[in-house]
There are 2 protein chains.
Amino acid sequence: MQDRLTTLFKAVADPTRREIFHALVIASSALSITQISNQFEMTRQGVTKHIKTLEDAGLVHLDTKGRERFCNANAKPLKELSKWMTFYEQFWDNSLDNLDHFLNTSKDA
Amino acid sequence: MQDRLTTLFKAVADPTRREIFHALVIASSALSITQISNQFEMTRQGVTKHIKTLEDAGLVHLDTKGRERFCNANAKPLKELSKWMTFYEQFWDNSLDNLDHFLNTSKDA
DNA sequence: TACTTTAGCAACCATAAAGTTGCATATTAA
DNA sequence: TTAATATGCAACTTTATGGTTGCTAAAGTA
C-alpha cells in the first residue's frame, strides 16, 4: 500500500493524533480507549480510528484486558523519521550551497 | 488554517513530495518546474501543486527568471520537525518506562 | 438474570488531497 | 510578427481522511 516512512509521517501529520500520542507518552499508565476519548472532544469511534492509525505506524501498542483495550505509546518508530532527516541536516545551515557540501561529503563515499 | 508543524509534516508525508524535495536538494543548480516535471511521471501541473505545498512549508524557494520559475530546496524547516521529536527521544529506548523517565527529567523543571 | 460499560463494525458525510485536462498568457526564439 | 516554450489558473475526477451515528456483542456488576 504505502511505504513505512509515509505511514509514519502521515500518522504524525495529524494534530489530533499528535495530541493523543503525546497524552499516551506522558500518561502514568496505559489508557483505555474510553479514557482517551474523555480527554478529547470527539466520539470514542473517532479516537479509535486515530489509535488504529497510530498502531499501524507502530507508535501505539494495544493490550486487551477483559473488555478494555489499553494503549501504550511507543516512541521508537520516530527514530526512522529522525534517520530520514539526518541526510538533510547537512543542508540546514547552508541552504544556498547545497551542491558543494553534498559533493564534498559524499563523492568519495 | 493549520499549525506550522502540521503543514510541515503533511508536506513531507507525501512520497512524491519527498522525492521532489530530494531531487532539489541534490540538484547541482536550481531546477525549473518543467525540468522537475521531466524527472517524474506526472503532468507539469501535478508537480506545480506539489511545489506549491513544499513552498508553503518553506521547504522550497521559488525564483522567477523570465518565463521560468526556478526551485531551490531549503532544508532548514526540517529543524522544526527535528525539534518536535527531541522530546520523544528520551522514550525511544525505554518504551516501557515512559513515566519514570519523564518524571525524573521534567518534574523539577 | 438483568443492567451497564467497553468496544468493534458498518455505513455514511463532508472535506481535503492527488492528479488530470483544457485554456489563457507571458516570454523567448525564428 | 509568428511560432514555440514555460507557466498559471480553473474545473473536474477519484480516492483518502477525519469524523459522525447507529447497532451489535462481549465483559463486568447488581
Side-chain angles (χ1 to χ4, degrees), chain A residues 1-24 27 29-73, chain B residues 1-24 27 29-73:
Chain A
M1 158 225 186
Q2 67 187 13
D3 62 295
R4 174 116 192 90
L5 215 46
T6 301
T7 301
L8 227 26
F9 269 127
K10 282 194 175 174
V12 125
D14 183 85
T16 305
R17 237 142 31 214
R18 284 200 303 278
E19 278 190 67
I20 292 175
F21 176 69
H22 190 81
L24 288 172
S29 62
L31 301 178
S32 72
I33 305 278
T34 304
Q35 284 175 320
I36 299 170
S37 306
N38 292 338
Q39 295 186 32
F40 294 86
E41 295 202 335
M42 196 188 310
T43 59
R44 176 181 53 81
Q45 288 85 342
V47 170
T48 299
K49 279 196 176 185
H50 283 307
I51 292 289
K52 178 71 166 55
T53 304
L54 289 168
E55 192 191 9
D56 290 344
L59 292 166
V60 160
H61 175 248
L62 275 293
D63 197 7
T64 303
K65 270 179 190 159
R67 64 183 163 186
E68 291 173 283
R69 291 183 77 204
F70 291 96
C71 309
N72 272 295
Chain B
M1 156 226 187
Q2 67 187 14
D3 62 295
R4 175 118 192 88
L5 214 47
T6 301
T7 301
L8 227 27
F9 268 127
K10 282 195 175 172
V12 125
D14 183 86
T16 305
R17 235 140 37 210
R18 284 199 304 277
E19 277 191 65
I20 292 176
F21 176 68
H22 190 81
L24 288 173
S29 63
L31 301 178
S32 72
I33 305 278
T34 303
Q35 285 175 318
I36 299 171
S37 306
N38 293 338
Q39 297 187 31
F40 293 86
E41 295 202 334
M42 197 189 305
T43 60
R44 176 182 54 79
Q45 288 86 341
V47 170
T48 299
K49 279 197 177 185
H50 283 307
I51 292 289
K52 177 72 166 53
T53 304
L54 289 167
E55 192 191 10
D56 290 345
L59 291 166
V60 160
H61 174 248
L62 277 292
D63 196 8
T64 303
K65 270 178 190 160
R67 63 182 163 186
E68 290 171 285
R69 291 182 77 204
F70 292 97
C71 309
N72 272 295

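Below, chain A is the first sequence line, B the second, and so on; all start at residue 1.
The separation between A:Arg44 atom CZ and C:dT5 atom P is 13 Å, rounded to whole Å. As a whole-Å value, the separation of B:Met42 CE from C:dA17 P is 16 Å. For the pair B:Ile51 CD1 and D:dA6 C1', the computed distance is 14 Å after rounding to whole Å. Taking atom CG of residue A:Leu62 and atom P of nucleotide C:dT6, one finds them 16 Å apart after rounding to whole Å. For the pair B:Glu41 CD and C:dT20 P, the interatomic distance rounds to 10 Å; values are reported in whole Å. The CD1-C1' distance, from A:Ile33 to C:dA7, rounds to 8 Å in whole Å. In this structure, B:Asp63 atom CG and D:dA6 atom P are separated by 17 Å, rounded to whole Å. We find that CG of B:Asp56 is positioned 15 Å from P of C:dA16, with the value rounded to whole Å.
Separating the OG1 atom in A:Thr53 from the CG atom in A:Leu59 is a distance of 10.5 Å, to the nearest 0.5 Å. Interatomic distance, B:Arg44 CZ to B:Ile36 CD1, rounded to the nearest 0.5 Å: 12.0 Å.
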Using the side chain to side chain contact (heavy atoms under 4.5 Å, CB included) rule, take B:Phe21 and B:His50 through it: C-alpha gap first, then chi angles, then the decisive distance, then the call.
-> CA-CA 10 Å; B:Phe21 176 68; B:His50 283 307; over 6 Å; no
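Within residues 7-19 of chain A, no residue is approached by DNA chain C to less than 4.0 Å at the level of any non-hydrogen atom.
Within 4.0 Å (heavy atoms only), B:Thr53 reaches no atom of the nucleic acid at all. Across all strands, A:Gly46 comes closer than 4.0 Å to base atoms (heavy-atom distances).
When each of B:Glu68 and A:Gln45 is assigned the nucleotide of DNA chain C bearing its nearest heavy atom, the one mapping closer to the 5' terminus is A:Gln45. Both A:Lys65 and A:Gln2 sit near DNA chain D, but only A:Gln2 has its closest nucleotide nearer the 5' end.
Across every non-hydrogen atom of A:Gln39 and A:Leu31, the tightest pair is NE2-CD1, 3.8 Å. Of all non-hydrogen atoms in A:Leu24 and A:Val60, the two that sit nearest each other are CD1-CG2, 3.6 Å.
Between A:His50 and D:dT17 there is no side-chain N or O to OP1 or OP2 distance below 4.0 Å. In this structure, A:Ser32 does not reach the C:dT6 phosphate: none of its side-chain N or O atoms is under 4.0 Å from OP1 or OP2.
In terms of the side chain to side chain donor-acceptor pair (under 3.5 Å) criterion, residue partners of A:Arg18 (sequence neighbours excluded) are, by chain and number, B:Asp3, B:Thr6.
Distance from the side chain of B:Lys49 is smallest for C:dA18 among the nucleotides D:dT20, C:dA7, C:dA18.
The base of D:dA26 does not come close enough to the side chain of A:Arg67 for any donor and acceptor atom to sit less than 3.5 Å apart.
B:Arg17 places a side-chain N or O within 3.5 Å of a backbone atom of B:Ala11 that can act as its donor or acceptor partner.
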